[in-house]
Amino acid sequence: MVSVNLAGMTGAILAPLLPHALDKLISCLVEYLSRDEASSSSEVDKHQQLQNEQEALEDANIKLKIMQDEVRKLHKRDKKNMRLIHINNKLRDVGYEIQDLEGDLEYMELQRKVEEINLQDEADDKRQSKKPKRLFWFSWITGQSSNKRRRLSSSVSTDDIVNRMRTIVKQINCIDSEMTTEIKVDQLFQQIVLNGVYDPWGQHQVKKNHGRETTSSIKERKIYGRDSEIERLTELLTKPTKLIGNISVVSISGMGGIGKTALAEFVFNSQEIKDHFDKRVWICVTDNYDRFRIIKEIIDLLSMDDDIKFPHDTTSLDLLETKLKRSLTGKKFLLVLDDVWSAEWQQLLDSLRSSQVKIVKILVTCRNPKALGSQDRNYGISLEGLYDAECWSFFFNCVFADENSDNYPKRLLSIGWQIMKKLNGSPLAVKTVGRILGCSLTEKHWKDLLESDLWKLENDENDIMSVLALSYYHLPQHLQLCIAFCSVFPKNFSFDKLSAIDMWIAHGYVHENGSSSKTMRDIGREYYAELVAMGFFSNNVSFKMHNLIHDLVHSISHGEIYIYEGRKDEKISKNVRHLCARSLFDLGLVYKTNNLRTLVLYRAGDVCAFLNHGAFKRIRVLVILDTNMEELPETIVNLRYLQYLDLEKTNIKSIPESICVLYQLRVLKLPPLYTHPSLFHSLIEFREWNLFKADNAIYSSRGWPIFSVKRGGNNMISQLRNMNELRGSIMINGLENIDTAEEGMKAKLKEKCHIDVLTLSWKYTADGCKHDVQEEVLEGFQPHPNLNCLFIEGYMGSKSPSWLMILQKLQTLYLFECRNWARLPAALGLLPSLVALGLSGINNITIEGDDTVTQMFTSLEFLELKKATVSFEGMLLSSSSSLTTASCRKLFPRLQSLIVEKCNGVNGLPWKMLSSLKALKINASRGLQGQVPGCLQNLNSLTSLKIKGLKIENTNMRAQQQQLGGLVPNLRKLNIECCENVGFLLDVLLSIPSLKKLTISKCGGPVSLSSLSHLSFLTYISLQEVEITVDDVTLVFPSLQTLRLKEASMIFQNMPSSSSLSETTQNLNHFPMLTDLTIACREVNGLHWPLFSTLKSLKNINSPELDDHLLPGCLNASSVLTSLQLTGAKIKTFHAELMATPNALRYLCLEDCNELISVEGLHALPSLIFLRIINCHQFRTLFMEQITEQGVFLPKLSDIYIESCENLESLPAWVPRLPLLISLSITKCPKFHSLPEGGLPSSLQRLTIRECDPSLMKQCQQEGSPDWLMIEHIPVQTYKWNEIYL
């Protein structure tokens, strides 16, 4: 077996190749030839040469694809064959040459288009006025024929194209010749092996399963940080789950080294699992799935105790399956399939499904969830990295074997913590690094490891880097390219997901399928989702690359990726393709480099010199992160291949005119600019840019690209006219600066078919532009019919644009502060795709109906009306409507959510037709006061209702109550706030048995909990600023989980003591499911804590009745309590016998407890993690008495925070014995003057001392002082407002 150590990993994994590079070049060439008309004999000859080379390229393309497949097939057999590695590198290099030529052809085509567009614009200008012809800053020849002008302006000649094509074909043929030789050698070697002479590949051959074999034997006596996962997995395996026949599948997924196998082994060997199943079998599948082998192994393991063994020489799969069925008849069977790589394992389901087995549970572990195939992924666990506390415990155990940190220097442990943080919670990484650290317990050895790249460590095939390499090896080449590229940025760099995808597109890693409607961004999102599923990235809008993955990719990048740190004598390889410079560097370091594709600069220096240097002329991605950069030079014109330019972190105020000839530029990110270049419209390939920050927080928070229109200059709306590739979302503001419809039409929005979301924004001005002018301007902004979402803000006209009705794909329409908009025509209700409609800040608007149609707003699901007076016209059934029309009419048939907020009038809304409405929110809308609760009739689908600030009409209430007996029968969530005359409404709504969540706030009048006890499905009750009474000792809330009582008076009336209750009543569990209780009441009288015996979270805020007498009863009844917050309680201390009961407590916060002196029994809390003591003026110490006995106290406590405790002077002597304390903060404690005599724990990573005794803070910062020596190992220290990183 070969040990795949990382020193040889560069050869073990081939460099990925650019996908479909020659396909793209041929496609560009075909397009070039199809449009080029030869006008002379010499041009005919060149045209023929191009056609001949095209045919040669097509032949070479076939060879290229065959070679790309063959080189990987041969490399699998002989990973040390350097000839194959060189062949693959040559294929990679020719791929770059192909990509550059394709880029030149694409540039020429875009340049031709821009010239023709600008000439057409000039002609249009001439027709409209007698203005002189515009002069361009560059030397285009404008007075000649289109073909000749194109050839004169093209910087790449036809001869050059032909010569480069011939060179590419020649290179491919030469590589093909080398490949043919390698294939012949491989065939010869195979023949030698078949003849049994010897194995020519010898030690270079790697087993198909890459040497990794797992078994069911437990390798870990303890699993750290996986208690909840073990519990969940055991439950899934032993409790009934979704069955396919008699089979159910449970999965564990996660990136390599995250602990999937260890978790499976631990559960597989647990006594509970052994007792539950009659038969258990463990199979290591690996990436080489073999159905015959697996079934045979299952049979062998099942028949280990049989007297008669199954014949080993059988070759019949049918015979094996028959034996398997017999072996499992009537049994409960657990099958573990470990390390699964594909969905082929599902073939086993057919073999097991037809057997007479009682039940089968299959536990599958995999890195990629795609390997689960069609199985339900809800029945499984996705493993993430360990949290810091658990990871540190495991790390400590791996390095030191024992768990007593006092035996080791604190500085050494501090270095260990920093190393552990780099491992991102990976258990296998912790084991690997821990073993190496344990070899030498010296600061030098540990510092060397901390500062080194982890991939340089020697590993065997079961260590972390080899495991991750296997995951990378199994990625398709396009995903290898994507993840490798991300490593050009430093570790812990925060990526924006869309930015990463755009950079992949710029490099050609994302292949667009011509037959698919998906955009390249859509495909890029799919790539990202695959990498997330494999555990390489996190599924967030922004993400960071795992440190170990970063190290791995660098180790196998074949020198293509390099991060320059500015170290002494540091060199840059001539093979580098993607360069990140974190420091200024001499351009002489790249004088041999001529194929850079990415440049990331943290310090720009002389940008002009960079852009003039030949090494950077092929750059496709340029990112500058230097805030000191204030100018972008004209020499940017040299980067003709540039497709992605990010200058957002710089301080430039303008961009040069020369940027306008970078025709391939797709993405441009800039800080706020003063102006645009005059020819900005020439960037016709623009997909996305961010030019200005929005004044409106709604838009800036969404990150939408913004174009701000200004009068005159280069910020006119016409700059958008040629940017027809813009896509996604765009906001155009400053429209008050446009005076005519003709000027608005110059944006040519109707030609921009890729824009999904469009915002048009006017800003109100005192002099303002005229309303009729705004109507004309809006009419001129007709978008493309593909538009999905339209937002219009600040429009002062009264008319709807005529084009609104032709947007057949429009899904969302929002009108903000369009005060004078008068009518929305009936045709709006006929748009087939409209899902959301919002109207806000409109004085008086009418939504028209149409009596001649039977269905309107057929797709609308969300309707929002805010600060408006809205009338629905022609939508109520009337006597004038025909009987046929009335019975068949459907208005808003899919409406699910309706929000009416601060509306003075809502008239004509057809409530009776809102049969699909699920959520209704009414907030301070006087226009609905006379309609509630009558409007709720027939809303049989309503599940959520919120009514706020409404005065309920009290006329003829009893008659209405009888009429509304069956109101909203499926209501699940009810929120009533600040309503008058609410009693009637509550009488009606609280009779609904299906209610699950109830919130009543600021409504006045008493609320009896007893009156709610019939609501057996209630899981959540929140009562605020009301009087609450409890007067029934027998009441039961069987489903209640959360009870929150805020700023209320709670009276427990006639509640007998425990001694006077009958035995049956004493054992009655009044809140059997209650886990979360918040009491913030002015008065709590007669509280009976046994009612709350199942609490996990308790917040008692400003409830003066809770004192030293009531506290014991509170805690004694809460053995499962995990979180306790007491504010304003009249308690003096916590005694040890009192704290012995809540042994599950993890979080303790004591605030404004003015009588609190100490927390005496604190050490009795074995699970406590967080301790907060705030604004307790009498608090002096954690313990009044010293603890002398040895042992570990508070074994899990990681965070202590003490603030505004004026009498606190010091911490107890046992604080250094806290094994996992990570953060300690003492703030605004003026008498706090000394640290514990034994110093602070070695695990401590953050120390904060603010506004305490000045002499202590001075001593802590004075190098060499006793206090300084005690804390020098702590990485982050904060005193007052200065943070010091040691």
Side-chain angles (χ1 to χ4, degrees), residues 17-25 27-29 31-32 92-114 138 153-157 160-161 164-165 167-168 481 485 488 499 501-512 520 560-561 575-580 590 593-601 607-608 610-624 632-647 655-656 658-669 682-689 725:
L17 306 177
L18 286 170
H20 311 286
L22 202 45
D23 289 333
K24 294 178 183 178
L25 175 58
S27 177
C28 281
L29 185 59
E31 183 179 353
Y32 180 85
R92 177 197 60 194
D93 293 341
V94 78
Y96 287 127
E97 294 295 328
I98 293 169
Q99 189 183 54
D100 287 340
L101 181 53
E102 181 251 329
D104 284 327
L105 291 173
E106 181 68 20
Y107 184 90
M108 292 167 63
E109 170 63 9
L110 293 171
Q111 182 174 318
R112 180 190 67 81
K113 288 181 179 179
V114 170
F138 41 81
S153 60
S154 297
S155 58
V156 182
S157 67
D160 183 43
I161 293 174
R164 288 167 68 183
M165 289 168 61
T167 300
I168 288 170
L481 286 165
F485 168 76
V488 73
S499 296
I501 291 171
D502 287 335
M503 287 187 275
W504 297 344
I505 293 172
H507 283 302
Y509 302 156
V510 179
H511 177 58
E512 192 170 22
M520 284 201 283
E560 285 202 336
I561 300 169
N575 296 324
V576 69
R577 298 293 197 280
H578 307 284
L579 174 64
C580 173
V590 293
T593 304
N594 62 359
N595 210 0
L596 272 174
R597 328 297 279 192
T598 302
L599 179 62
V600 180
L601 296 176
V607 180
C608 187
F610 273 99
L611 299 180
N612 271 324
H613 198 285
F616 306 109
K617 65 181 180 180
R618 300 171 189 260
I619 292 291
R620 288 171 171 261
V621 171
L622 175 60
V623 179
I624 301 180
L632 182 67
E634 294 278 359
T635 48
I636 190 71
V637 70
N638 295 328
L639 307 186
R640 60 184 297 163
Y641 299 98
L642 194 65
Q643 296 192 22
Y644 183 99
L645 176 59
D646 184 354
L647 303 172
I655 49 178
S658 60
I659 201 173
C660 300
V661 296
L662 301 181
Y663 303 125
Q664 300 188 79
L665 193 61
R666 291 168 173 258
V667 177
L668 176 61
K669 296 188 174 185
S682 297
L683 297 174
I684 62 175
E685 279 293 281
F686 252 8
R687 263 63 169 175
E688 179 188 337
W689 88 101
E725 295 299 323

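Counting begins at 1 with the first residue of the sequence. Values below: all heavy atoms of this structure, side chains included; hydrogens, waters and symmetry mates excluded.
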Next on the checklist: Does any part of the side chain of L622, heavy atoms only, come nearer than 4.5 Å to the side chain of Y644, both counted from C-beta?
Outcome noted: no
Checklist entry - Parallel, tilted or perpendicular: which fits the ring planes of H578 and H507, with parallel below 30° and perpendicular above 60°? => result perpendicular
Next on the checklist: Ignoring hydrogens, what is the shortest heavy-atom contact between L611 and N638? Give both atom names and the distance.
Outcome noted: O-ND2, 3.0 Å
Checklist entry - What closest approach, in Å, do L662 and L642 show between heavy atoms, and which atom pair accounts for it? => result CD1-CD2, 4.1 Å
Checklist outcome for this item: Smallest heavy-atom separation, T598 atom then V488 atom, equals CG2-CG1, 4.4 Å
Checklist entry - Going by the angle between their ring planes, with limits at 30° and 60°, are H20 and H511 parallel, tilted or perpendicular? => result parallel
Item to check | Pairwise side-chain contact, L579 with V600, heavy-atom cut-off 4.5 Å (strictly under) | outcome: no
Checklist entry - Can we say E102 and K24 salt-bridge, meaning some charged N sits less than 4.0 Å from an Asp/Glu carboxylate O? => result no
Next on the checklist: Once rounded to the nearest 0.5 Å, what's the spacing between atom CG of D100 and atom CZ of R640?
Outcome noted: 10.5 Å
Item to check | Verdict with reasoning, K113 to I684, per side chain to side chain contact (heavy atoms under 4.5 Å, CB included) | outcome: CA-CA 9 Å; K113 288 181 179 179; I684 62 175; 3.9 Å; yes
Checklist outcome for this item: For L29 and M165, the nearest pair of non-hydrogen atoms, with its separation, is CD2-CE, 3.2 Å
Next on the checklist: Rounded to the nearest 0.5 Å, what separates atom CZ in R620 from atom CZ in R666?
Outcome noted: 9.5 Å
Item to check | Test log, rule side chain to side chain contact (heavy atoms under 4.5 Å, CB included), inputs L645 and I659 | outcome: CA-CA 10 Å; L645 176 59; I659 201 173; 3.8 Å; yes
Checklist entry - How far does CD of E725 sit from CD of E685, to the nearest 0.5 angstrom? => result 5.5 Å
Item to check | Contact summary for A21 and I98, nearest pair of heavy atoms | outcome: O-CG2, 3.4 Å
Checklist entry - Would you say the side-chain atoms of Q664 pair up with the backbone N or O of G103, donor to acceptor, closer than 3.5 Å? => result yes
Next on the checklist: Would you say that L105 contacts I161 through its side chain, given a criterion of any heavy-atom pair below 4.5 Å between the two side chains?
Outcome noted: yes
Next on the checklist: Are F616 and H613, when compared by the centres of their aromatic rings, separated by less than 6.0 Å?
Outcome noted: yes
Checklist entry - What is the distance from atom OG1 of T593 to atom CG of N575, rounded to the nearest 0.5 Å? => result 8.0 Å
Next on the checklist: Rounded at 0.5 Å granularity, tell me how far CG in L101 sits from CZ in R164.
Outcome noted: 4.5 Å
Checklist entry - Are Y641 and R597 close enough, and set up right, to give a side chain to side chain contact (heavy atoms under 4.5 Å, CB included), and what steps lead you there? => result CA-CA 9 Å; Y641 299 98; R597 328 297 279 192; over 6 Å; no
Checklist outcome for this item: side chain to side chain contact (heavy atoms under 4.5 Å, CB included) test vs F610 passes for just one of L601, T635, L639, I619, namely L601
Next on the checklist: Distance check, rounded to the nearest 0.5 Å: I636 atom CD1 versus L647 atom CG?
Outcome noted: 7.0 Å
Next on the checklist: Just so I know, are the side chains of E634 and C608 near enough to count as touching, which here means a heavy-atom distance under 4.5 Å?
Outcome noted: no
Checklist entry - Are D93 and R577 ion-paired here, with the side-chain N under 4.0 Å from a carboxylate O? => result yes
Checklist entry - Can you list the steps and then say if V623 with L599 is a side chain to side chain contact (heavy atoms under 4.5 Å, CB included)? => result CA-CA 6 Å; V623 179; L599 179 62; over 6 Å; no
Next on the checklist: Testing the basics here: between S682 and C660, what is the closest heavy-atom pair and its distance to 0.1 Å?
Outcome noted: CB-O, 3.6 Å
